[in-house]
Amino acid sequence: MHVHHLLEKNSIANTFVAQLRNVNIQTDRLRFRRNIERLGEILGYELSKHLNFQEEEIQTPLGKANVPLHKEELVICSILRAGLPLHTGLLNYFDAADNSFISAYRHHPNDDEEFEILVEYLASPSLEGKTLILADPMLATGRSFVNVLQALEKMGKPKQIHLVSVIAAREGIEYLEKSFPENSHLWVATIDENLDEKGYIVPGLGDAGDLCFGSKKQH
């Protein structure tokens, strides 16, 4: 897997990540969602540099211009619910893409810290021969991405897979490297080194879904 770490080089993306982490700012849900959306736009822009382009002749009012345009058939798949703002950011740039939505959540069968990832909802077009972009702002253990990929297998085999996250844990990246095709790409704003005993990213930013949309009842 090819890992592209956005904050290896300083940019305005640092500001958006800092605000997402900041306990005094992240309580503003609108701002929190917008910052994830912004990072989706930035990561989508960087991702676009790795798509296939073909030159196309464009008629202008004064003549003709040759412009290289990407010709990929894209499908953006977000993992509900935290993935929705990230999905919006990507769709702002890849506005002609098809869209897929899938649920994945942590289920604690014994009401303790052990959990499994359950996938219960999927709405997707065919992925056969297309470029798949999987979006989830938090890459913790990596198990959600792997379970989602397994659930999507019945929709066809994509020719290329791009994963997009805001914050990833090193352990989760290593897990994905063992589970995804070697030619897959991970686009991530920033990487944290640790997971806590509950499998949450440290220092991370908390629960992205709750910060975007409000707390939920555990089940």
Nearest 0.5 Å, what's the CZ-CD1 distance between Phe94 and Ile133?
5.0 Å

Heavy-atom closest pair (Ser78 atom, Phe101 atom, distance to 0.1 Å) is OG-CD2, 3.3 Å

For Tyr45 and Ser48, work out which heavy atoms get closest and say how close.
O-OG, 2.5 Å

Has Glu182 got more than 12 heavy atoms of other residues, nucleotides or ligands less than 6.0 Å from its CD?
no

Linking I/L/V/M/F/W/Y whenever their side-chain heavy atoms sit closer than 4.5 Å, directly or via other members, would Leu30 and Phe213 fall into one cluster?
no

Within the structure provided, determine whether Ser124 and Met155 are in side-chain contact (heavy-atom separation under 4.5 Å).
yes

Are there more than 12 heavy atoms of other residues, nucleotides or ligands under 6.0 Å from atom CZ of Phe53?
yes

Interatomic distance, Asn14 atom CG to Leu6 atom CG [nearest 0.5 angstrom]
8.0 Å

May I have the step-by-step check of side chain to side chain contact (heavy atoms under 4.5 Å, CB included) for Thr190 and Val166, ending in yes or no?
CA-CA 6 Å; Thr190 191; Val166 172; 5.6 Å; no

Would you say that Asn52 contacts Glu72 through its side chain, given a criterion of any heavy-atom pair below 4.5 Å between the two side chains?
yes

Are Ile191 and Leu163 joined in one hydrophobic group, where the rule is that I, L, V, M, F, W and Y side chains link up if heavy atoms are under 4.5 Å apart?
yes

Side-chain (Lys130) to main-chain (Ser126) donor-acceptor, under 3.5 angstrom:
yes

Measure the acute angle between the ring planes of His4 and Trp187, then classify it against the limits of 30° and 60° as parallel, tilted or perpendicular.
parallel

Expected output: side-chain Gln160 to main-chain Gly129 donor-acceptor under 3.5 Å
no

Show the numbers, then the answer: is there a side chain to side chain contact (heavy atoms under 4.5 Å, CB included) between Ile25 and Phe32?
CA-CA 8 Å; Ile25 297 176; Phe32 190 88; over 6 Å; no

Side chain to side chain contact (heavy atoms under 4.5 Å, CB included) with Ile102: of Val148, Asp136, Leu134, Asn147, only one passes, and it is Val148

Taking all non-hydrogen atoms of both residues, which atom of Pro137 and which atom of Leu86 are closest, and how far apart?
N-CD2, 3.7 Å

State whether Arg34 and Glu41 are salt-bridged, where the test is any N-O pair (Lys NZ or Arg NE/NH1/NH2 against Asp/Glu carboxylate O) under 4.0 Å.
yes

Check against side chain to side chain contact (heavy atoms under 4.5 Å, CB included), Arg170 and Asn194:
CA-CA 7 Å; Arg170 188 73 61 183; Asn194 299 310; over 6 Å; no

Does one hydrophobic cluster hold both Leu74 and Leu186, with members joined at side-chain heavy-atom distances below 4.5 Å?
no

Is a side-chain N or O of Thr60 found less than 3.5 angstrom from the main chain of Gly63, in a donor-acceptor match?
yes

Where at least one partner belongs to residues 20-30, residue pairs that pass side chain to side chain donor-acceptor pair (under 3.5 Å), sequence neighbours excluded:
Arg21-Asp192

Run Asn99 and His87 through side chain to side chain donor-acceptor pair (under 3.5 Å) and show every step you take.
CA-CA 9 Å; Asn99 295 270; His87 189 114; 2.6 Å; yes

For Gly142 versus Leu176, what's the shortest heavy-atom pair and its separation?
O-CD2, 3.4 Å

Measuring from Ser184:OG to Met1:CE, what's the distance to the nearest 0.5 Å?
5.0 Å

Any idea how His162 and His185 line up, ring-wise: parallel (<30°), tilted (30 to 60°), or perpendicular (>60°)?
parallel

Can you check side chain to side chain contact (heavy atoms under 4.5 Å, CB included) on Ile36 and Phe16, steps first, answer last?
CA-CA 8 Å; Ile36 291 181; Phe16 305 143; over 6 Å; no

Check whether any side-chain heavy atom of Leu205 sits under 4.5 Å from a side-chain heavy atom of Met138, and report yes or no.
yes

Taking NZ in Lys49 as the centre, count heavy atoms belonging to other residues, nucleotides or ligands within less than 6.0 Å. Is the count above 12?
yes

Looking at Leu139, Ile201, Leu39, which one forms a side chain to side chain contact (heavy atoms under 4.5 Å, CB included) with Ile167?
Ile201

So do Ser179 and Phe145 actually touch side chain to side chain, heavy atoms under 4.5 Å?
no

Which distance, rounded to the nearest 0.5 Å, do you find between the OH of Tyr93 and the CD1 of Ile76?
13.0 Å

Once you round to the nearest 0.5 Å, how far does CZ of Arg38 lie from CG of Leu20?
10.0 Å

Is it true that Glu56 and Lys71 have a side-chain N and a carboxylate O under 4.0 angstrom from each other?
yes

Would Val164 end up clustered with Leu149 when hydrophobic side chains under 4.5 Å apart are linked, directly or stepwise?
no

Is there a path from Val146 to Val188 through hydrophobic residues (I, L, V, M, F, W, Y) whose side chains come within less than 4.5 Å of each other?
yes

Side-chain heavy atoms of Arg33 within contact of Leu211, under 4.5 Å:
no

So, the side chain of Ser11 versus the backbone of Leu7: is there a donor-acceptor pair under 3.5 Å, distance only?
no

Looking only at heavy atoms, the pair that brings Leu132 and Cys77 closest together is CD1-CB, 4.0 Å

Which atom pair, heavy atoms only, marks the closest approach of Ser100 to Val75?
CB-CG1, 3.9 Å

Where do Asn92 and Glu37 land on the side chain to side chain donor-acceptor pair (under 3.5 Å) test, with the steps shown first?
CA-CA 9 Å; Asn92 287 346; Glu37 183 180 336; 2.9 Å; yes

Distance, nearest 0.5 Å, that separates OG1 of Thr131 from NZ of Lys159:
4.5 Å

